[in-house]
2 protein chains.
Amino acid sequence: MTPLDERKRSILKAVVDDYIETAEPIGSKQLVSRHALAVSPATVRNEMSDLEQLGYLEQPHTSAGRVPSDKGYREYVDSLMSVDPLSPEEETLIRERLDVHFDELGEALRSASSVLSATTGYTSVAMTPRLRTSQLKQIKMLMIEPGRAVVVVVLAAGIVKDRVVRIPELLDAATLAKVSAAVEEGLSGMKLEDITLIAVTAAGRRAKLPEALLNQILYEAYISIKQADSMSVYMDGTNRMLGYPEFQEIRKARGFLDALHEEGLIAGYLAEDNPDGEDTDGHRRPYMIRIGQEISLGGLDGCSFVTTTCRDAGTLLGSIGVIGPKRMDYSKVVSHIGFVRRTLDEGMRNLMDGNRNTEETR
Amino acid sequence: MTPLDERKRSILKAVVDDYIETAEPIGSKQLVSRHALAVSPATVRNEMSDLEQLGYLEQPHTSAGRVPSDKGYREYVDSLMSVDPLSPEEETLIRERLDVHFDELGEALRSASSVLSATTGYTSVAMTPRLRTSQLKQIKMLMIEPGRAVVVVVLAAGIVKDRVVRIPELLDAATLAKVSAAVEEGLSGMKLEDITLIAVTAAGRRAKLPEALLNQILYEAYISIKQADSMSVYMDGTNRMLGYPEFQEIRKARGFLDALHEEGLIAGYLAEDNPDGEDTDGHRRPYMIRIGQEISLGGLDGCSFVTTTCRDAGTLLGSIGVIGPKRMDYSKVVSHIGFVRRTLDEGMRNLMDGNRNTEETR
DNA sequence: CTTTAGCACTCCGAGGCATTGAGTGCTAAC
DNA sequence: GTTAGCACTCAATGCCTCGGAGTGCTAAAG
């Protein structure tokens, strides 16, 4: 476990860089000429052979070039690659396409995902967080017609969800409003995770209605509140992936797309993003990178997954990520996802601040 | 343009049937043996040659079997295929998976799409209609926090849409409620297409507030109403298609998937479904089939598209469709889509009836 | 006049084979 | 420690052959 010497490091970096670009196994001769190295192919061969021994490179078959192993990529992203900041043009381009939809969390994340996918050329995902610890701010039940109502739940985080429900036919609008007000008064300010059916019932009972009528409404209110806690996943650029050589075989492509649509899989990975930006191997940075085997499941095994989270003063507001072939341009992805995250953070901070003070950051 | 004689018809049907099953060009000898025909291969060859002359079949190359042309498929769906009703088991299966979500139009259509895709094995789409002629029933503006509000729009068709908007910071909840009530009172009952910004402003002015404050709110209200008229498209089973031989080449697969995601393309086709079930060639049935060239655009040219619409007493409530290779099992698709449509219609009728009478069709 | 058997012809696709080229590991010289 | 030289490996490519499934045509049979 001695660290790699400088020359091995630079050769490994060169191999990964080239492989990222060409997707072809890299040979010693080619490497020397492309990078104008000061050593001969034979030397490079020896070094590459060492790197293979150490587990950083692999050979598809004897007498082919070398390809980075998962460990090789890991070393690359952890200590070899250079992450350049975006150019001002790129920054303004992204900002323009992003700051349209800052009024609603879901919209903001959706467009973040779309921008990320477009600018990196890979598949991108975004997810609203679970909001267990967020406070309920308002709950309104509006009559649509006899027997049906819409329940609107507003959370402190500024999230709004609605849901159409059945209610007893003989309930009129005024009564419903009274129940709605009672529930809101009783629950407003509570954390979602603390709201139980009992709490809802207790709050609603103040409206002084026959139990029979009440129960159904309160139950629906309860469900609506619980449902506001559900997360949504957005995805973009899924079929951009079909353009990359690693997905030329339809089987691979199918496996990848199926995995993406698999219920909860992506959400699971996004949710696991460590709050402290602690990486699997103990490194510490504002994003998390999973490579190949590290996302072991199903069709994603030829892929890597870069994720990060948006926060406002500690509370999680959303997760975004980019999925690409293991051979993705990590440097580009990291800089782009970082910038999108910061822009999003900023936009949301303004949004959230809007609550307390009037007109400031503008 | 003389109609095909009986033998030609049955041979054409046999060819299409076989090709649907095998995806391989059909030869004369094979056809005879598989269908135990009473004539010799040579006769079949002559007939097939005629059918090719007439444009119903084509040859990928000399000395290969025949493949149906678009015209051949057209004849097949128009007058050759037999559509068998679903078995009771299939019916109950579909019913079970369908009738969970009848409270909300979007949910119903989404699950219809999912069921259709699962049972047919092809890609399925569904779309909520444009609602220009639907009446506005309610519009409520609820304060979330200073500077932000949620607008909830309820249409007579039972559709609910919400939207988060910015409002002037110094507006308080009570005032907003007043404006909201004024707007609702002024516009309720109007058709969406008749609601103009002028109408909204006129309605809102009754709230007697300073113009400056009012204008922004009313504009947002107007936008929210207009937006309620937007349609949503649901899709399911898109990558099921990658399993079929016609999409083994990644280029085709990519083309197909890109076409599906192309903004408005599918929506356009779904919207074109003729209200009277009048088919392109004047036939009359409760569904519409487009074959190959008939959906000329982009990546869909190897595909067929079967669509139908759900209605309640004449008003359009949604469109559903199945997209598959031209070589799809039309009979199966037609029977499935028909049953789903009827089930959906029924569910919605109950939903709509819920408005007027109390508890009946159950 | 229709059907069919027979036959020559076409063409795709699979398998075999040699060739090429990029790459490797090893050894010996620098 | 580095590098030139060399023998070796292996995938990819092109070429050839061959078999099979299919066709169209012609002539005989029904």
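Letters A, B, ... are given to chains in the order of the sequence lines, protein chains preceding strands, and every chain is numbered from 1.
With rounding to the nearest 0.5 Å, the separation of NE2 in B/His336 from OG in B/Ser117 is 12.0 Å. How far CG of A/Asn239 is from OG1 of B/Thr238: 8.5 Å, rounded to the nearest 0.5 Å.
Taking atom CG of residue B/Leu51 and atom C1' of nucleotide D/dT23, one finds them 15 Å apart after rounding to whole Å. Between A/Leu57 atom CG and C/dG25 atom C1' there is a gap of 16 Å when expressed in whole angstrom units. Remark: C1' of D/dT23 and CZ of B/Arg66 are 7 Å apart, rounded to the nearest angstrom. To the nearest angstrom, P of C/dT3 lies 11 Å from CG of B/Asp50. In this structure, B/Asp5 places its CG atom 13 Å from C1' of C/dT2, rounding to the nearest Å. Per the geometry, CE belonging to B/Met48 stands 13 Å off C1' belonging to D/dG24, to the nearest Å. In this entry the distance linking CD of B/Glu58 with C1' of D/dG22 reads 17 Å, nearest Å.
Applying the side-chain hydrogen bond (donor to acceptor under 3.5 Å, both in side chains) test to every pair with at least one member in residues 23-33 of chain A, sequence neighbours left out, gives these pairs: A/Ser28-A/Arg45. Applying the ring pair (Phe, Tyr, Trp, His ring centres under 6.0 Å) test to residues at least two apart or on different chains, the pairs with a partner in residues 241-265 of chain B are B/Tyr122-B/Tyr244, B/Phe247-B/Phe256. Listed by first and then second residue, the salt bridge (Lys or Arg N to Asp or Glu O under 4.0 Å) pairs that reach into residues 256-266 of chain B are B/Arg254-B/Asp258, sequence neighbours excluded.
Proximity of residues 17-31 of chain B to DNA chain D (heavy atom under 4.0 angstrom from any strand atom) is restricted to B/Gly27, B/Ser28, B/Gln30.
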Quiz item: When every nucleotide of nucleotides 9-15 of chain C is labelled 5' to 3' by its protein contacts under 4.0 Å (heavy atoms), B for base, S for sugar-phosphate only, - for none, what sequence of letters results?
Solution: -BBS---

Practice problem: Going 5' to 3' through nucleotides 1-6 of chain D, assign each nucleotide B (protein heavy atom under 4.0 Å from a base atom), S (under 4.0 Å only from sugar-phosphate atoms) or - (no protein heavy atom that close). | Solution: -SBBB-

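The main-chain N or O of A/Lys8 is found under 3.5 Å from a side-chain atom of A/Asp5 such that the two form a donor-acceptor pair.
Looking at residues two or more places apart in sequence or on another chain, you find a salt bridge (Lys or Arg N to Asp or Glu O under 4.0 Å) between A/Glu52 and A/Arg66. Scored by the side chain to side chain donor-acceptor pair (under 3.5 Å) test, A/Ser87 finds A/Glu89, A/Glu90 as partners (sequence neighbours excluded). Residues passing the side chain to side chain donor-acceptor pair (under 3.5 Å) test with A/Glu91, sequence neighbours excluded: none. Considering only residues two or more places apart in sequence or on other chains, B/Arg341 meets the side chain to side chain donor-acceptor pair (under 3.5 Å) condition with B/Thr308, B/Asp345. Listed by chain and number, the residues in a side chain to side chain donor-acceptor pair (under 3.5 Å) with A/Asp18 are A/Arg34, A/His35 (sequence neighbours excluded).
B/Glu75 and B/Ser79 share a donor-acceptor pair across their side chains, judged by distance under 3.5 Å alone.
Other residues, nucleotides and ligands contribute more than 12 heavy atoms inside 6.0 Å of the CD atom of A/Gln248.
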Quick one: which protein N/O atoms are closer than 3.5 Å to N/O atoms of nucleotides 14-16 of chain D? Pair and distance per line, please.
none

